Peer 1: 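Quick one: this structure, given as structure tokens, is what I'll be asking you about.
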Amino acid sequence: MTVIHLQDSIVEIARSFLATTVKCQHCGGQAAMEYVGDGSIGLHVCPERYVSRIIGYGSQFDTGRFMGFVQKAIQGAQEVEAGDIRVASRYAWDLGLARESNDPILKEMYWTQNYRRTRSEDPDGVGVFFCANGDSFFIQPLKNDERLCGKCRTS
Amino acid sequence: MSEIKAIHVVHATWCPHCHPTTVEPMKAKAAELGVDFYDYDIDNPEQANKADDLVRGHGDWAEDYLIPQVFLEMRDGTLRHVLSGYSEGVELTKRGVENLLKSPYFDGDTSAR
Ligand SMILES: [Zn+2]
Ligand SMILES: [Zn+2]
């Protein structure tokens, strides 16, 4: 049991307990966790910069706001629908934290690229990538290998 | 005596987060405690209705909701959602189940909660 203090933020808990490395379905490489902005958004990104998953962390399910973020990120590749978002509550007992509360410690919202409704095997399709400089998402054909967003490529 | 009356798990037979990660250990724990165990296969039309009701009423509901989801039915009649699978990876779901089974819910003193 890890004893944590109330001031430990959701972002810190997410970084400490929810960071994993997964196999990238795009290149077969390892997709590691990266964070956007204040850390309330996490991404699984491979070395080729393909985004496997976008995860929102919060004290509540703010699905509307999360969908807005995802839609902006994937603009030009596809449209996000409510059915593409899945949610999970994390509690002290399943995180292994000592905290005397039945209330969830944090909530997670997930969007997964090329999954279920949006699944496609089209080799000429486009995908969502995250700039190697960590500044923005960009869209490119899946067979391209740019690792930088348009802005970083020209500057 | 355990405050738990029954354990309910929403699952799919093909899902590695469910099998052998969640359903089997929860079922074993129910047997150990001598409480009822119910599992609901989301691909079985009859069980899926019950699964949807449980998740919509008490769990992490979404149109295409996460599995597994574990619920504890307490002796006072309340139903508590206690775990959802971790999309981050099966190893986190496994850790979640192990932590849950070590938690005060299962140490025989849930009255303190
Ligand atoms: Zn990749
Ligand atoms: Zn950039």
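In this text the structure is predicted, and so the values were computed from the model without any measurement. Letters go in sequence order (proteins before strands), and every chain restarts at 1. All heavy atoms count here, side chains included; hydrogens, waters and symmetry mates do not.
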Peer 1: Checking heavy atoms, do the side chain of A/Ile85, its backbone, both or neither come under 4.5 Å from chain B?
Peer 2: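 A/Ile85 touches chain B through backbone heavy atoms alone.
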Peer 1: What part of B/Leu83 is in contact with chain A, defined as an atom under 4.5 angstrom from a non-hydrogen atom: side chain, backbone, both or neither?
Peer 2: both
Peer 1: Nearest 0.5 Å please: distance from the CG atom of A/Asn102 over to the CZ atom of B/Arg80.
Peer 2: 4.5 Å
Peer 1: Where does B/Glu98 contact chain A at under 4.5 Å (heavy atoms): side chain, backbone, both or neither?
Peer 2: neither
Peer 1: Please round to the nearest 0.5 Å and tell me the distance separating atom NE2 of A/His44 and atom OG of B/Ser87.
Peer 2: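 A/His44 atom NE2 to B/Ser87 atom OG measures 9.5 Å (nearest 0.5 Å).
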Peer 1: Answer with yes or no whether the hydrophobic clustering places B/Leu100 together with B/Leu33; edges join I, L, V, M, F, W, Y residues whose side-chain heavy atoms lie under 4.5 Å apart.
Peer 2: yes
Peer 1: Please state whether the side chain, the backbone, both or neither of A/Glu108 comes within less than 4.5 Å of a heavy atom of chain B.
Peer 2: side chain
Peer 1: Report which part of A/Val87 has an atom under 4.5 Å of a heavy atom belonging to chain B: side chain, backbone, both, or neither.
Peer 2: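 Answer is both: backbone and side chain atoms of A/Val87 are under 4.5 Å from chain B.
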Peer 1: With a distance cut-off below 6.0 Å to the six-membered ring centre and an angular limit of 45° from the axis, does B/Arg95 pair with A/Phe17 as a cation-pi contact?
Peer 2: no
Peer 1: With side chain to side chain contact (heavy atoms under 4.5 Å, CB included) as the criterion, how do A/Arg90 and B/Ser84 come out once you've worked through the C-alpha distance, each side chain's angles and the decisive distance to 0.1 Å?
Peer 2: CA-CA 8 Å; A/Arg90 306 302 177 199; B/Ser84 287; 3.9 Å; yes
Peer 1: Only pairs of heavy atoms separated by less than 4.5 Å count here; which of B/Leu92, B/Leu101, B/Val97 has the most with chain A?
Peer 2: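 Heavy-atom pair counts peak at B/Leu92.
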Peer 1: Could you label the plane-to-plane angle of the B/Tyr105 and A/Trp93 rings as parallel, tilted or perpendicular, counting under 30° as parallel and over 60° as perpendicular?
Peer 2: perpendicular
Peer 1: Kindly compute the distance separating OH (B/Tyr86) from OG1 (A/Thr20), expressed to the nearest 0.5 Å.
Peer 2: 11.5 Å
Peer 1: So which of A/Val22, A/Leu95, A/Thr112 has the biggest tally of heavy-atom pairs under 4.5 Å with chain B?
Peer 2: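 Highest number of pairs under 4.5 Å: A/Leu95.
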Peer 1: For a quick test of reading the model, state the closest non-hydrogen atom pair linking B/Glu63 to A/Ala82 and the distance between them.
Peer 2: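 Minimum heavy-atom contact is OE1-CB, 4.0 Å.
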Peer 1: A/Ala88 and B/Gly85: which non-hydrogen atoms are nearest, and at how many Å?
Peer 2: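 For A/Ala88 and B/Gly85, the tightest heavy-atom pair comes out as CB-O, 4.5 Å.
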Peer 1: Look at the side-chain heavy atoms of Ile, Leu, Val, Met, Phe, Trp and Tyr, link any pair under 4.5 Å apart, and say whether B/Ile7 and B/Phe71 land in one connected group.
Peer 2: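 No; B/Phe71 is not reachable from B/Ile7 via cluster members.
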Peer 1: Taking only residues two or more places apart in sequence or in another chain, which ones pass side chain to side chain donor-acceptor pair (under 3.5 Å) with B/Asp39?
Peer 2: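 Once residues adjacent in sequence are excluded, B/Asp39 has no partner under the side chain to side chain donor-acceptor pair (under 3.5 Å) criterion.
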Peer 1: Going by distance alone, is a donor N or O of one side chain under 3.5 Å from an acceptor N or O of the other, for B/Glu88 and A/Tyr110?
Peer 2: yes
Peer 1: Sort B/Val70 into side chain, backbone, both or neither according to what part of it lies under 4.5 angstrom from a heavy atom of chain A.
Peer 2: neither
Peer 1: Can you give me the closest heavy-atom contact between A/Tyr91 and B/His81, atom names plus distance?
Peer 2: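 Heavy atoms only, the tightest pair is OH-ND1, 2.6 Å.
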Peer 1: Would you say that B/Asp60 contacts A/Phe61 through its side chain, given a criterion of any heavy-atom pair below 4.5 Å between the two side chains?
Peer 2: yes
Peer 1: Can you tell me which portion of A/Arg53 sits under 4.5 Å from chain B's heavy atoms? Options are side chain, backbone, both or neither.
Peer 2: side chain
Peer 1: Just so I understand: if I count every heavy-atom pair under 4.5 Å between each of B/Gly96, B/Ala62, B/Gly59 and chain A, which residue has the most?
Peer 2: B/Gly96
Peer 1: For atom CZ of A/Arg153, decide whether the heavy atoms of other residues, nucleotides or ligands shown that lie under 6.0 angstrom number more than 12.
Peer 2: yes
